[in-house]
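Please read these numbers as outputs of a predicted model, since none were measured by experiment. Just so it is clear, the values below take in all heavy atoms, side chains as well, and ignore hydrogens, waters and symmetry mates. Starting from 1, each residue takes its place in the sequence as its number.
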Amino acid sequence: MENLDTREWLLTNGLGSFASGTVCDAHTRTYHGWLFAALDPPDQRTLLLARIDASLEVGDQLFELGVNFWKSGTTVPLGHQWLRSFDVEPVPTWTWGQSEWQFARRLLMPYGWLKPSLEASPFCNRVLIQYRYMGAETAVLKLRPLIADRNFHYQQRAHPNLQFAQLIEPSGILLQAKRSEWVGTSWQLNWTSGDYHPDGMWYWGYRYPEETQRGLADTEDLYSPGYLMAVLAPGTTLTLEARVRCAEPVPTDSLDHQTFDQALAAEQQRLQQAFSIGTGSRELGFRGLGSRGSGGEPTIPESIPESIPEPVAKPTRNLQTLFLRQLLLRAGDQFIAYRSSTQGPTVIAGYPWFNDWGRDTLIALPGLTLATRQFNLAKGLLKTFGQYCQQGLIPNAFPDAGAKPFYNSIDAALWWIETLGLYLEASQDWDFLLEQYPIVWRIYKGLMAGTLYSIRVDAFDGLVTWDAPNVALTWMDAVVAEEPVTPRRGKPVEINALWYSALCWAAQWADRLQREGQLDKETPSLSNQSRRYAEQAEQVKASLQKFWNPAQGYLYDVIQPDDYPDRTIRPNAVIALSLKHCGFTDAIGQAALQVARERLLTPYGLRSLDPADPQYMGRYQGGIWQRDRAYHQGTVWTWLLGPFIRAWQRFYPTKPIPFEWQPLFDHLQNQACLGSISEMFDGDAPHEPKGAVAQAWSVAEVIRHSPIFLED
């Protein structure tokens, strides 16, 4: 792998479906493939089309363009030696070639949420593949699709009981996996030209080296139903489409040479409309302003290059700024998905392996929706989670349709109130407050009365506490062998800062609704509520001072159930200082931020633990247990930049933010998943990106605070 460019690319479709792979075209993960279809959006993500291997015969030479790792340890073929360029914008584009010929491929996953009707499914999972050949003489192209039907977390194994049926049509095939006790997903592969030859065979022993490094199963068998042969004159374009079959199948003759460009134009128009009033988006236009060459610099895009592009001059600062804005906005859009079980929007926490999570969604919401002024989307997300409030808690995760949500979070409900407040301030949608206020009241009652996991308000000091074994309820939620790595039982600092801010919000809202004569049948007098909230807020503010540790000049991380304070220096104190309503003095805030700056701040975010702590782990690596033990023990989290910046602006309003953005922008363009931001980084320099290659709250907080969205 040392000589191969294994940086990754990602496509999504608004349903939780995705396509992903690498620059060199090798698949290095279980999660690499061209069509992972969310059959029950965003759940039941199923790999159907793994890839299409291509070979090109030009004159008397045969060029195999793919790259595959094998269980035997070999790498065959070595198509990367013919790769001349790769662009990630506006869609992943590869160009292979020599001096006398060039061959390009583009991939696009069209938006999958359609207007529902009585006659057809509102969901459409498909991927488009376009090839273009330029050369001095006619060439022959051979395309071999490699397919599967398996959950996106697992690998497929060849077995006599697993068969793939295919029905051959004039310009396509219908495919479906079958076992004796199971029938798989029906889908189709169509093309605009070429002759298809069925020969059904298994390819055994693909190896995924990234899974090897993660200590997970790392081999897979893929099936090929046949191959497509096409004679390509210079300038010829060939388009294929893989599509999950809907209630009303699309006619095979609907695919033509214009389909790809039309779908790309529709996607750019959708993005333009979504961000039409977002910061900086008028200049962007999502017309493919900048594509990213293999050297990392934005270039002026072409549909598919007729010749290998020459290097271009470095763009002006304005062009570079617009390019970065486009990358970030597009990256943020990739996480928004429709959830069929709740019939509302949700946010995929990260790609390629995460689902949607309540806490992550609510933390990411301001950056993904409020900063981009997508107020209807923000409102839909708040409604989706708010309507499932039970016993004062907001779900941390939604299961498949018909099952119960998971409420294993102490802070999702408090983040919901904080985010509701930010939405109301930004949108001035006070009718929504009237609609949602009963949920605020239910959260308050649930915490006051006590709820799941022994979560309750301590009557003595008014702080929120919890004490349940074998669970981790804050964002530091890694569990190994049924033991939380960072249990944080008792009174976590950021939870109680959120509780204080929630009481302040609630007092304001009750007072506002009272002044406007808005009464609610489910709740007592609004004036009494407002007074109660305000009084409790003062009590909590006074109790918050117990978190101050003058010996360290920092805030205790947790006051444990036995009232013993945890002196561990973690970034949760920074979160506590960053909320809309803050219960700490300027002196405390300034001192704590200096400690965070010295101990936790890195070029990519904040460390999850002070490097001087004996429990600190500077590298996130090894098998799953080793990685889970390191998950919050020093890893750098980009999303924590947002709280640090907000806290710094509060307590040091006249001083510049002590953070240089360029390393993070370089990561966005040149590392891990090109055009997105990783989940986390190693705590030790050089801070290699780790975890999920694209993370929602990482992108969201950069959108929310990046200077490229603030300077015009």
(message) Determine whether V244 and L48 satisfy the following criterion, side chain to side chain contact (heavy atoms under 4.5 Å, CB included), listing intermediate values before the conclusion.
(response) CA-CA 9 Å; V244 176; L48 298 174; 3.6 Å; yes

(message) Between M476 and N572, is the side chain to side chain contact (heavy atoms under 4.5 Å, CB included) condition met? List the steps.
(response) CA-CA 10 Å; M476 293 184 165; N572 302 304; 3.7 Å; yes

(request) Could you walk me through whether D25 and R51 pass salt bridge (Lys or Arg N to Asp or Glu O under 4.0 Å), step by step? (result) CA-CA 9 Å; D25 213 30; R51 60 179 300 133; 3.2 Å; yes

(request) Verify side chain to side chain donor-acceptor pair (under 3.5 Å) between T635 and S608, making sure each step is shown before the conclusion. (result) CA-CA 6 Å; T635 48; S608 48; 3.2 Å; yes

(request) Assess whether side chain to side chain contact (heavy atoms under 4.5 Å, CB included) is satisfied between V347 and D356, documenting all intermediate values. (result) CA-CA 5 Å; V347 173; D356 46 343; 5.7 Å; no

(message) I'd like to know whether F18 forms a side chain to side chain contact (heavy atoms under 4.5 Å, CB included) with R45, so could you lay out the CA-CA distance, the side-chain angles of the two residues, the decisive distance to 0.1 Å, and finally the verdict.
(response) CA-CA 9 Å; F18 67 95; R45 282 181 272 188; 4.0 Å; yes

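Atom CZ of residue R84 and atom CD of residue Q81 lie 8.5 Å apart, to the nearest 0.5 angstrom. Atoms OG and CZ, from S72 and R207 in turn, are 8.5 Å apart once rounded to the nearest 0.5 Å. Considering OG1 of T361 and CD1 of I363, their distance stands at 9.5 Å, rounded to 0.5 Å. In this structure, the separation between CD on Q615 and CG on D610 is 12.0 Å, given to the nearest 0.5 Å. With rounding to the nearest 0.5 angstrom, the CE atom of M201 is 8.5 Å from the OH atom of Y223. Note that the CG atom of L128 and the CG atom of L240 stand 9.5 Å from one another [nearest 0.5 Å].
Between the side chain of S340 and the main chain of P41, a donor-acceptor pair closer than 3.5 Å is present. Here the side chain of T93 pairs no donor or acceptor atom with the backbone of F86 at under 3.5 angstrom. With hydrogens and angles ignored, the 3.5 Å screen pairs no side-chain donor or acceptor of Q213 with any backbone N or O of G622. Although no hydrogens or angles enter the test, the distance criterion places no donor-acceptor pair under 3.5 Å between the side chain of D682 and the main chain of D684. Checking side-chain atoms of H80 against main-chain N and O of L4 turns up no donor-acceptor pair under 3.5 Å. Listed for the W70 side chain is a donor-acceptor partner under 3.5 Å among the backbone atoms of V76. Under the 3.5 Å distance criterion, the side-chain polar atoms of N396 are matched with a main-chain donor or acceptor of R359.
The aromatic ring centroids of F152 and Y31 lie less than 6.0 Å from each other. In this structure, F103 has its ring center at least 6.0 angstrom away from the ring center of F63. Not less than 6.0 angstrom separates the ring centroid of F69 from the ring centroid of Y206. In this structure, Y631 has its ring center closer than 6.0 angstrom to the ring center of W637.
In terms of heavy atoms, W357 sits closest to A349 at CD1-CB, 3.3 Å. Contact between I52 and L49 at its shortest, heavy atoms only, is CG1-CD1, 4.1 Å. Minimum interatomic distance between D221 and A158 (heavy atoms only, all atoms of both residues): OD2-N, 2.9 Å. I703 and L328 get closest at one heavy-atom pair: CD1-O, 3.4 Å. Considering every non-hydrogen atom in both T638 and S678, the closest pair reads OG1-O, 4.4 Å. Annotation for L238 and A230: closest pair CD2-CB, 4.2 Å, computed over non-hydrogen atoms.
Side chains of Q633 and Y620: a donor-acceptor N/O pair is absent below 3.5 angstrom, by distance only. Between the side chains of Q326 and E89, at least one donor N or O lies within less than 3.5 Å of an accepting N or O. For the residue pair R144 and S224, a side-chain donor N or O sits within less than 3.5 Å of a side-chain acceptor on the partner. Between T474 and R488, the side chains place a donor N or O and an acceptor N or O closer than 3.5 Å (distance only, hydrogens not considered). Checked by atom type, the side-chain pair T30/Q155 shows a donor-acceptor distance below 3.5 Å. Between N190 and Q188, the side chains place a donor N or O and an acceptor N or O closer than 3.5 Å (distance only, hydrogens not considered). Between the side chains of D218 and T212, at least one donor N or O sits under 3.5 Å from an acceptor N or O.
Here the rule is side-chain contact (heavy atoms from CB on, under 4.5 Å) with L189, and of L35, L143, I173 only I173 fits it. The only member of L640, L641, V636, I677 that meets side-chain contact (heavy atoms from CB on, under 4.5 Å) when paired with Y604 is V636.
At least one side-chain heavy atom of W34 sits less than 4.5 Å from a side-chain heavy atom of I129. The shortest side-chain heavy-atom distance between Q61 and Q98 falls under the 4.5 Å cut-off. Here the side chains of D628 and I624 are in contact, with some heavy-atom distance below 4.5 Å. Two residues are said to be in side-chain contact when any heavy atoms from C-beta on lie closer than 4.5 Å; D149 and L47 fail this criterion. Side-chain contact between F398 and T342 is present, with at least one heavy-atom pair separated by less than 4.5 Å. Counting heavy atoms from C-beta on, the side chains of S676 and V693 never come closer than 4.5 Å. Using a 4.5 Å cut-off on side-chain heavy atoms (C-beta onward), V479 and V471 make no contact. Put simply, the side chain of Y196 reaches to within 4.5 Å of the side chain of Q166, judged on heavy atoms.
The pair E688-R619 does not meet the salt-bridge criterion, since no charged nitrogen lies less than 4.0 angstrom from a carboxylate oxygen. Between R607 and D613, no side-chain nitrogen of the basic residue sits less than 4.0 Å from a carboxylate oxygen of the acidic one, so the salt-bridge criterion is not met. Residues E220 and R150 are paired through a salt bridge, judged by an N-O separation under 4.0 Å between the basic side chain and the carboxylate. The pair D43-R339 meets the salt-bridge criterion, with a side-chain N (NZ, NE, NH1 or NH2) lying under 4.0 Å from an Asp/Glu carboxylate O.
Relative orientation of the W697 and W475 rings is perpendicular, given thresholds of 30° and 60° on the angle between their planes. Ring pair F123/Y338 is tilted by interplanar angle, where 30° to 60° counts as tilted.
W353 carries R214 over the face of its six-membered ring, with the cationic atom under 6.0 Å from the centre and within 45° of the normal. Under the 6.0 Å distance and 45° angle rule, K142 counts as a cation-pi partner of Y227. By the 6.0 Å and 45° rule, R105 stacks over the aromatic ring of W94. A cation-pi arrangement is found for R179 relative to W182, the charged atom lying closer than 6.0 Å to the ring centre and inside a 45° cone about the ring normal.
Residue W625 qualifies as open at atom CH2: its count of foreign heavy atoms under 6.0 Å is 12 or below. For E482, the CD atom sits in a loose shell: 12 or fewer heavy atoms of surrounding residues, nucleotides or ligands are nearer than 6.0 Å. The number of heavy-atom neighbours closer than 6.0 Å to CH2 of W187, taken from other residues, nucleotides and ligands shown, is above 12.
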